[in-house]
Peer 1: 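I am attaching a structure below and will ask some questions about it afterwards.
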Amino acid sequence: MRKQTNLDRDPLGTVQPLSLNVVAGGAGFIGSHLCRALLDRGESVLCLDNLQTSRPSNLRALEGQPRFRFLRHDITQPLPSDLLRLAPRITRVWNLACPASPPQYQRDPEHTMLTNVVGTNHLLRLAETAKARFLLTSTSEVYGDPEIHPQAEDYRGNVSCTGPRACYDEGKRAAESLAFDYARMGRAQVRVARIFNTYGPNMDPGDGRVVSNLICQALRGDELTVYGDGSQTRSFCYVSDMVAGLMALMEAEIDGLEPVNLGNPAEMTVNELLGHVIALTGTRAPVVHRPLPVDDPRRRRPDISRARALLDWAPKVPLAEGLEATCAWFAAELAAEPAAAGAAG
Ligand code: UDP
C-alpha cells in the first residue's frame, strides 16, 4: 500500500480565490511542470491525480507552496463535492490525466479509454459549471501511423480502432469530439493541444518511453533496447517548450474550434537518438533489438504552422541541451532511489 503523504492530508478550503487552476494529471511528467509554471505566474493550483502512473515525488517541491493543493482523485469517478463547491473560483481546467506511454496505457486499456472519455466529460462539466476555460491535452497518436508527412491538424489520421493502441488513440479522438461538441454548443470554451513526443526531468524512469529507457539503460550500463531496426522516426520536444505552448494556447483569444499541434519538428530516427544518448553518457553497453510493437508508427513529425501563427510559439530548446538536462536529472534520480530504478521495456 502507498504511504500517505502530506499532499493527501491537505484541505481544499484554503485555496486562494484568484485564478484557480484545476490541473488533472498534475502529478505526472508534463502536469507537474505545468503546476510549477502556473504557481510561478502567481496563480493557484488544485492538482487532481490518481497517482496511477504519476509520482508524488514530482510534487515535492510544490507541497509547501500556499497556493498549491493536491487531491487524490480518479477522474473516471464523479468529481468530489469539495471540488464542485470551489466552482465559482475556478478559472481554468486543464486535462492532462492519462498514462501516455504505450506499455502503461495498455496495462489497463478499459481504464485508459474511460479516463479519456468519461474523465474528460467530468472535467468538461466542471468547466461548464464554473464558466472556466478547458484545455484537453490530446496527442499526435490521433494521426496513428500517418500516411502524410509531416502531420498537420487537418490530416484525419490512420488509426486502428481494433489494435492495442486504440484505447489511447481512439480514446483521445473521442475526448476531442466531446470537447469540440461542448465548444460548438457554447457549453465551454475549449482548447485542444495535440502533443507530440515530449521529454525532460520528472519522466518516470520506469515509464517505458524511448528517451527514459535509453538514458536509464545507459546510466546503469544495461543493454540499450531498440525496437525494430531503429529506422522509425519521432520528433522530441523538451518539456519547458511544451508547457510554454500549453499556457500560450490556454490564454490565446481564439475560437478554440480547431486543435493545435504542439511539438518540436526536429525529426530523427530512434537510431539517431541512440547515438546522441551514447555520445552524451559514454556508455559502452551493447545495443539489443526487440520486436517492433504492434501498430508502432513509422514516422512522426508535427507541422506546427498553426501554433506559430496563432500562438507565436515554437520550441526553443535544442535536443543536445534538453538531453543533457534530462540525463543529469535521471542520474540524480537513479542515485537517490536505487531500489526504484528499473526501466520498463
Ligand atoms: N522504442 C525503442 N526502445 C525503447 C522504447 C521505445 O526503440 O526502449 C521505440 C518505440 O518502438 C517507438 C519509439 O521508440 O518507435 C518511440 O517510442 P515511445 O514509447 O517513446 O513513444 P511513442 O511510440 O508513443 O511515440
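When a ligand or atom number is given, it counts from 1 through the structure's own listing order. Residues: numbered from 1 along the sequence shown. Bear in mind the structure is a predicted one, so any value in this text is a computation, not a measurement.
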Peer 1: I need the contact type for Arg290 against ligand 1. Using non-hydrogen atoms and a strict under-4.0 Å cut-off, is it side chain, backbone, both or neither?
Peer 2: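 None of Arg290 does.
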Peer 1: Please work out whether the ring planes of Tyr155 and Tyr143 are parallel, tilted or perpendicular, with thresholds of 30° and 60°.
Peer 2: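 Parallel: the ring planes of Tyr155 and Tyr143 meet at under 30°.
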Peer 1: Flag yes if Leu114 and Leu123 sit in one hydrophobic cluster, no otherwise; membership is Ile, Leu, Val, Met, Phe, Trp, Tyr, and two members link when side-chain heavy atoms are under 4.5 Å apart.
Peer 2: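 In one cluster with Leu114: Leu123, no.
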Peer 1: Out of Thr198, Asp295, Asn197, Val210, who is nearest to atom 20 (O) of ligand 1 when you count heavy atoms only?
Peer 2: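 Minimum heavy-atom distance to atom 20 (O) of ligand 1 goes to Val210.
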Peer 1: For ligand 1, which atoms, with element, lie under 4.0 Å from some heavy atom of Asp296?
Peer 2: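 Reading through ligand 1 atom by atom, the close ones are 10 (C), 11 (O), 12 (C), 15 (O).
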Peer 1: Given Gln232, Met203, His289, Arg298, identify the one with the heavy atom nearest to atom 9 (C) of ligand 1.
Peer 2: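 Closest candidate by heavy-atom distance is Gln232.
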Peer 1: Taking a hydrophobic cluster as the set of Ile, Leu, Val, Met, Phe, Trp and Tyr residues connected by side-chain heavy atoms closer than 4.5 Å, whether directly or through intermediates, do Leu246 and Ile254 fall within one such cluster?
Peer 2: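 Yes, same cluster.
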Peer 1: Is it true that Glu176 and Ser138 share a donor-acceptor pair across their side chains at a distance under 3.5 Å?
Peer 2: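 Yes - a donor-acceptor pair under 3.5 Å links their side chains.
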Peer 1: Looking only at the side chains, is there a donor atom on one of Asp49 and Ser54 sitting less than 3.5 Å from an acceptor on the other?
Peer 2: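 Judged by distance alone, the side chains do pair up.
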Peer 1: For Val270, take its heavy atoms, then give the atoms of ligand 1 lying under 4.0 Å from any of them.
Peer 2: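 Reading through ligand 1 atom by atom, the close ones are 7 (O), 13 (C), 14 (O).
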Peer 1: Checking the N or O distance criterion of under 3.5 Å, is ligand 1 in contact with Ser101?
Peer 2: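 For ligand 1, there is no N or O atom that lies under 3.5 Å from one belonging to Ser101.
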Peer 1: Report yes or no: do Phe196 and Leu310 belong to one cluster of Ile/Leu/Val/Met/Phe/Trp/Tyr joined by side chain heavy-atom distances under 4.5 Å?
Peer 2: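 No, no single cluster joins them.
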Peer 1: Are any of the N/O atoms on Gln217, whether in the backbone or the side chain, positioned under 3.5 angstrom from an N/O atom of ligand 1?
Peer 2: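 N/O-N/O distance below 3.5 Å does not exist for this pair.
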Peer 1: As an exercise, identify every atom of ligand 1 less than 4.0 angstrom from a heavy atom of Gly208.
Peer 2: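 So the atoms of ligand 1 that pass are 5 (C).
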Peer 1: Closer than 4.0 Å to some heavy atom of Arg165 - which atoms of ligand 1 meet that?
Peer 2: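 Checking each atom against Arg165, I get 22 (P), 23 (O), 24 (O).
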Peer 1: Hey, which atoms in ligand 1 end up nearer than 4.0 Å to a heavy atom of Asn213?
Peer 2: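 That gives atoms 4 (C), 5 (C), 8 (O) of ligand 1.
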Peer 1: When you group the ILVMFWY residues by side-chain heavy-atom contacts below 4.5 Å and let the links chain together, are Leu262 and Phe29 in the same group?
Peer 2: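 Linked within one cluster.
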Peer 1: Name the one of Met113, Glu141, Gln52 that satisfies side-chain contact (heavy atoms from CB on, under 4.5 Å) with Tyr105?
Peer 2: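 Among Met113, Glu141, Gln52, the one meeting side-chain contact (heavy atoms from CB on, under 4.5 Å) with Tyr105 is Glu141.
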Peer 1: Which of the atoms in ligand 1, numbered in the order shown and given with their element, are less than 4.0 Å from a heavy-atom of Pro293?
Peer 2: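 In order of number, 11 (O).
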Peer 1: For Asn271 and Thr269, does a side-chain donor sit closer than 3.5 Å to a side-chain acceptor?
Peer 2: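 Not at all, the side chains of Asn271 and Thr269 share no donor-acceptor pair under 3.5 Å.
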Peer 1: Within a distance under 4.0 Å of any heavy atom of Arg209, pick out the atoms of ligand 1 and give their elements.
Peer 2: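 Contacts of ligand 1 toward Arg209, numbered from 1: 18 (P), 19 (O), 20 (O), 21 (O), 22 (P), 24 (O).
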Peer 1: Could you list the atoms of ligand 1 found under 4.0 angstrom from a heavy atom of Glu141?
Peer 2: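 Matching atoms, with element in brackets: 24 (O).
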